[in-house]
Amino acid sequence: MDLGIKGKKGLVCAASKGLGRACAMALAREGVDLVITARGREALEATAAEIRAATGAMVIAVTGDIATPEGRAAALAACAEPDILVNNAGGPKPGDFREWTRDDWLSALDANMLAPIELIKATLDSMIAKKFGRIVNITSGAVKAPIDVLGLSNGARAGLTGFVAGLARKTVAHNVTINNLLPGFFETDRQRDTMAAMAKQKGISAEDMKLERVRHIPAGRIGDPAEFGDACAYLCSAQSGFVTGQNFLLDGGAYPGTF
Ligand code: NAP
């Protein structure tokens with residue numbers, strides 16, 4: 001299916017690795033010209049080169065921390081009026097809420113709630129004027145089923161989800177949609193690191209830890225970031241203009257509820 005977004009401009013945040021990278025690759029395959037961001041220059045430049053080589057799309061790499069005003073200003077300087085915005089940033093640290101300080105909470109809110117809201121604020125009106133806009137926020141399965149050690153993530157992402165739920169109903173009449181993609185368990189650097197830490201804690205191998213996690217996924221496997229990227233590309237497509245304010249869980253059936 002031609003997704004009808006060839007030649008559109010996309011800003012994909014936190015995209016040198018993992019799910020952000022997969023979203024960027026999927027959009028580039030559809031002919032979207034991209035600005036991608038991350039903090040580390042080397043990995044970001046390498047990813048930009050790989051996406052260019054694989055797709056022929058124009059890809060500009062902008063280094064910076066998207067959780068800061070400076071990082072967002074740099075991204076927007078390279079892509080002031082994107083047609084497509086994919087909001088993403090690293091997730092907050094795990095732990096016990098008794099140990100988290102006010103600064104820990106503010107960092108989580110900055111990265112996983114306020115940065116996406118600021119970027120939506122900066123780009124939404126130009127999308128409305130163009131009568132086309134697609135905004136996708138990468139959040140987490142923790143929004144639907146909280147993960148106890150990820151309280152910072154549960155809280156910050158719930159705040160973003162609540163805000164988006166209201167705004168998404170106001171923008172859709174202008175063909176500007178806002179949706180959230182909720183990853184379950186995907187094979188990325190972050191998950192590999194988390195799993196290695198959990199394996200160490202339990203005194204088992206990383207491979208055994210992975211098998212233990214997979215046992216709880218009805219699909220019987222971990223998600224491939226490319227699958228996530230393809231879902232993102234659909235939500236950014238010309239055909240998805242009737243879909244807004246939704247929370248799409250990609251978790252191989254792990255969430256057990258009817259809705
Ligand atoms: P990942 O493999 O660690 O990749 C994270 C990417 O984001 C890297 O390119 C990283 O590059 C960039 N990044 C992180 N913080 C940034 C910041 N403040 N500003 C700019 N770039 C930043 O992580 P992932 O697994 O793709 O996860 C992406 C998001 O999905 C995270 O919020 C994570 O919590 C959430 N999530 C993932 C899963 C999963 O199964 N993978 C499950 C639930 C939720 P630099 O470090 O160089 O900046």
Side-chain angles (χ1 to χ4, degrees), residues 11-26 34-48 50-51 61-76 78 86-94 106-116 118-119 136-147 149-158 160-161 180-198 210 213-214 216-217 219 221-229 231-232 247-252 254-255:
L11 170 56
V12 185
C13 305
S16 64
K17 297 177 186 169
L19 304 179
R21 180 188 188 282
C23 292
M25 183 66 90
L34 293 175
V35 169
I36 61 172
T37 85
R39 292 163 303 180
R41 181 177 300 278
E42 203 178 320
L44 183 65
E45 294 286 1
T47 293
E50 282 163 23
I51 297 175
V62 176
T63 47
D65 184 342
I66 207 69
T68 66
E70 299 76 23
R72 291 191 290 277
L76 291 168
V86 180
N87 279 312
N88 185 31
K93 64 180 182 184
L106 292 178
S107 297
L109 292 171
D110 272 339
N112 299 120
M113 178 183 171
L114 300 175
E118 288 291 337
L119 286 168
V136 174
N137 303 305
I138 299 179
T139 65
S140 172
V143 170
K144 264 184 95 84
I147 302 167
V149 294
L150 291 178
L152 290 168
S153 172
N154 301 338
R157 296 187 200 276
L160 175 65
T161 304
N180 305 313
L181 275 178
L182 284 53
F185 187 24
F186 279 83
E187 185 86 60
T188 65
D189 280 5
R190 177 174 163 92
Q191 282 296 357
R192 273 186 288 272
D193 292 350
T194 308
M195 215 143 37
M198 287 165 74
K210 189 170 168 180
R213 293 288 303 267
V214 167
H216 299 287
I217 303 175
R221 65 179 177 85
I222 292 175
D224 179 344
E227 296 172 290
F228 192 90
C232 177
N247 291 284
F248 289 97
L249 187 58
L250 283 85
D251 71 346
Y255 177 74

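Counting convention: from 1, in listed order, for ligands and their atoms alike. In this text the structure is predicted, and so the values were computed from the model without any measurement.
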- Message: Could you identify the single nearest non-hydrogen protein atom to atom 27 (O) of ligand 1 and state the distance to 0.1 Å?
- Response: L19 CD1, 4.2 Å

- Message: Check contact between P225 and ligand 1, using heavy atoms of the residue and a distance below 4.0 angstrom.
- Response: no

- Looking only at protein heavy atoms, identify the closest one to atom 40 (O) of ligand 1 and say how far it is in Å. F186 N, 2.7 Å

- Task: Could you please spell out the steps behind the side chain to side chain contact (heavy atoms under 4.5 Å, CB included) verdict for K93 and L152?
- Result: CA-CA 7 Å; K93 64 180 182 184; L152 290 168; 4.1 Å; yes

- Task: Using modelled atom types only, decide if a donor and an acceptor are shared between the side chain of R72 and the backbone of I66 within a distance under 3.5 Å.
- Result: yes

- Query: Which atoms of ligand 1 sit under 4.0 Å from any heavy atom of D189?
  - Reply: 2 (O)

- Item | Min N/O separation G20 to ligand 1 under 3.5 Å | no

- Task: May I ask which of A15, G71, S16 has a heavy atom nearer to atom 10 (C) of ligand 1 than the others do?
- Result: S16

- Message: For A67, is there any backbone N or O sitting under 3.5 Å from a side-chain donor or acceptor partner on D65?
- Response: yes

- Which atoms of ligand 1 sit under 4.0 Å from any heavy atom of G18? 2 (O), 26 (O)

- Query: Just by distance, do the side chain of R190 and the backbone of G91 share a donor-acceptor pair under 3.5 Å?
  - Reply: yes

- Can you tell me if A89 has a non-hydrogen atom under 4.0 Å from ligand 1? yes

- Message: For the backbone of V143 and the side chain of S140, can you confirm whether one donor and one acceptor N or O come within less than 3.5 Å of each other?
- Response: no

- Item | C13 touching ligand 1 at heavy-atom level, < 4.0 angstrom | no

- Task: To the nearest 0.5 Å, tell me how far S16 OG sits from I51 CD1.
- Result: 9.5 Å

- Does D189 use its side chain to pair, donor to acceptor, with the backbone of K17 at less than 3.5 Å? no

- Item | Atom pair CG (L249) and NZ (K144), whose distance is rounded to the nearest 0.5 Å | 6.5 Å

- Task: Return yes or no for this condition: an N or O of P183 is under 3.5 Å from an N or O of ligand 1.
- Result: no

- State whether the shortest distance between N or O atoms of G90 and N or O atoms of ligand 1 falls below 3.5 angstrom. yes

- Message: Distance under 4.0 Å to a non-hydrogen atom of I138: what atoms of ligand 1 satisfy this?
- Response: 30 (O)

- Protein contact of atom 24 (P) of ligand 1 - nearest heavy atom, named by residue and atom, plus distance: T188 OG1, 3.8 Å

- Task: Ignoring hydrogens, just give me the one of A24, G91, A142, A38 whose non-hydrogen atom is nearest atom 21 (N) of ligand 1.
- Result: A38

- Message: For the CZ atom on R41, are there more than 12 heavy atoms of other groups (residues, nucleotides or ligands in this structure) within a distance under 6.0 Å?
- Response: no

- Task: Look at ligand 1 and say whether T139 reaches it with a heavy atom at a distance under 4.0 Å.
- Result: yes

- Query: Could you give the distance from CG (L19) to CD1 (I138), rounded to the nearest 0.5 Å?
  - Reply: 5.5 Å

- Look at atom 23 (O) of ligand 1 and say which protein heavy atom is nearest, naming residue and atom and giving the distance to 0.1 Å. R190 CB, 3.6 Å

- Message: Suppose we measure from atom 7 (O) of ligand 1 to each protein heavy atom; which comes out shortest, and what is that distance?
- Response: A14 CB, 3.2 Å

- Task: Have a look at D110, N112, N88 and point out the one with the heavy atom closest to atom 28 (C) of ligand 1.
- Result: N88

- Atoms of ligand 1, numbered as shown, that sit under 4.0 Å from any heavy atom of Q191: 38 (C), 39 (C), 40 (O), 41 (N), 42 (C)

- Taking atom 16 (C) of ligand 1 as the reference point, the nearest protein heavy atom with its distance: R39 NE, 3.5 Å

- Message: With rounding to the nearest 0.5 angstrom, report the CG to CZ distance, L250 to F228.
- Response: 6.0 Å

- Task: Examine distances only and state if a side-chain atom of N88 and a backbone atom of A14 form a donor-acceptor pair shorter than 3.5 Å.
- Result: yes

- For F185, counting its heavy atoms only, list the atoms of ligand 1 lying under 4.0 Å from any of them. 40 (O)

- Hey, is ligand 1 close enough to G40 that some N/O pair sits below 3.5 Å? yes

- Query: Does any N/O atom on K17 come nearer than 3.5 Å to any N/O atom on ligand 1?
  - Reply: yes

- Message: Which residue and atom name correspond to the protein heavy atom nearest atom 19 (N) of ligand 1, and how close is it?
- Response: I66 N, 2.9 Å

- Looking at L119, V62, V86, which one forms a side-chain contact (heavy atoms from CB on, under 4.5 Å) with C13? L119

- Message: Less than 4.0 Å is my threshold; does some heavy atom of R157 fall inside it relative to ligand 1?
- Response: yes

- Starting from atom 42 (C) of ligand 1, which protein heavy atom do you reach first, and at what distance in Å? G184 O, 2.9 Å

- Task: Give the atoms of ligand 1, by number and element, whose distance to some non-hydrogen atom of G64 is under 4.0 Å.
- Result: 19 (N), 20 (C)

- Message: I need the T188 OG1 to R21 CZ distance, nearest 0.5 Å.
- Response: 12.0 Å

- Message: For ligand 1, which is the ligand I care about here, please tell me if D65 has any N or O atom under 3.5 Å from one of the ligand's N or O atoms.
- Response: yes

- Message: Could you measure the distance from the CZ atom of R39 to the CG atom of L44? Nearest 0.5 Å is fine.
- Response: 11.5 Å

- Query: So, the side chain of E227 versus the backbone of D224: is there a donor-acceptor pair under 3.5 Å, distance only?
  - Reply: yes

